[in-house]
Amino acid sequence: GAGVSQSPRYKVAKRGQDVALRCDPISGHVSLFWYQQALGQGPEFLTYFQNEAQLDKSGLPSDRFFAERPEGSVSTLKIQRTQQEDSAVYLCASSLVVARYEQFFGPGTRLTVL
Amino acid sequence: QKEVEQNSGPLSVPEGAIASLNCTYSDRVSQSFFWYRQYSGKSPELIMSIYSNGDKEDGRFTAQLNKASQYVSLLIRDSQPSDSATYLCAVNAGTDKLIFGTGTRLQVFP
């Protein structure tokens, strides 16, 4: 079946612009995660949803970052007033059930802030 | 101290050899352990999960877990050039998120 999809795959933004990154999880997956991956590093947790509820947003680096999943399926990660340090690959992962923690990643969105 | 530590490599092995990748973690309550493979410019791909002490085999891959030593490893038998990638160790400590190491770059040369 279809995997996790993300769009856009690449985004170039001028510093100060707002961006919105979309994630479409595997059908039926309850849990959805956002991670940020800098070059040469492992992914770092940003936030987590179980259905439409955002249960953990402890990894969001600032209040410029906001995520939502209003109908428990598609999720959007929004970054307001982008800064150069926001440049990274943003990865979305989904999991069928929380208990097993097996997370499957989408292709990612590479964000470059000029 | 980082929560999940891996040698960044590169680990270079000849084709057909066994590649051994290691990972240590700091949180003793960690319950679930994963190995992801990441090709350059691609996203992480789950290749192994392990939840209890001992070995778990899947094809050419074997994951080994020792909770007392807080150590998890991945063995790749009969390594192929197509196995050349970065291997990420990830740990879940009973919460929702995965904690990743920085990854070990594996190079398999013909």
Side-chain angles (χ1 to χ4, degrees), chain A residues 3-7 9-10 21 23-26 29-51 53-60 67 69 88-112, chain B residues 1-10 21-27 29-52 56 58 61 63 65 72 74 85-106:
Chain A
V4 178
S5 61
Q6 293 186 245
S7 62
R9 293 293 311 280
Y10 304 91
L21 312 180
C23 172
D24 204 335
I26 295 171
H29 276 200
V30 168
S31 301
L32 185 147
F33 304 81
W34 285 98
Y35 292 84
Q36 180 190 61
Q37 187 173 25
L39 192 64
Q41 302 295 316
E44 293 200 2
F45 171 80
L46 295 176
T47 187
Y48 154 60
F49 291 86
Q50 186 172 338
N51 295 306
Q54 189 175 19
L55 298 186
D56 187 345
K57 53 182 182 180
S58 62
L60 295 176
R69 193 187 185 196
V89 175
Y90 290 85
L91 295 164
C92 176
S94 71
S95 177
L96 181 58
V97 291
V98 174
R100 293 214 57 194
Y101 300 114
E102 286 186 340
Q103 298 181 21
F104 299 92
F105 283 84
T109 295
R110 181 177 297 277
L111 172 65
T112 303
Chain B
Q1 182 188 5
K2 286 186 65 70
E3 295 182 66
V4 178
E5 296 212 38
Q6 298 180 255
N7 188 318
S8 62
L21 305 159
N22 304 313
C23 172
T24 58
Y25 59 94
S26 60
D27 193 335
V29 301
S30 297
Q31 299 175 353
S32 309
F33 307 86
F34 305 91
W35 284 99
Y36 285 83
R37 177 174 62 197
Q38 187 170 29
Y39 292 112
S40 180
K42 302 296 186 183
S43 63
E45 174 192 7
L46 179 66
I47 54 172
M48 288 290 284
S49 58
I50 187 166
Y51 303 95
S52 55
K56 178 182 178 183
D58 184 1
F61 300 101
L65 175 61
V72 58
L74 179 70
T86 296
Y87 289 80
L88 295 164
C89 173
V91 173
N92 183 292
T95 61
D96 40 75
K97 60 189 176 186
L98 292 178
I99 308 297
F100 284 85
T102 55
T104 298
R105 188 157 63 96
L106 173 67

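In the text below, chain A, chain B and the rest are named by the order of the sequence lines, each starting its count at 1.
Proximity to chain B (any heavy atom under 4.5 Å) is restricted, for A/Ser58, to the side chain, taken from C-beta onward. Heavy atoms of B/Gln6 lying under 4.5 Å from chain A are absent altogether.
Considering only heavy atoms from C-beta on, B/Leu46 comes within 4.5 Å of A/Phe104 through its side chain.
Expressed to the nearest 0.5 Å, how far CD of A/Gln103 lies from CZ of B/Phe34 amounts to 7.0 Å.
Each of B/Ala90, B/Cys89, B/Pro44 has some count of heavy-atom pairs under 4.5 Å with chain A, and the biggest count is that of B/Pro44. With chain B as the partner, the residue from A/Gly108, A/Gly40, A/Pro43 showing the most heavy-atom pairs under 4.5 Å is A/Pro43.
Looking at every heavy atom in both residues, B/Ser43 comes nearest to A/Leu91 through CB-CD2, 3.8 Å.
Side-chain atoms of A/Tyr35 come within 3.5 Å of backbone atoms of B/Leu98 as a donor-acceptor pair (strictly under, hydrogens ignored).
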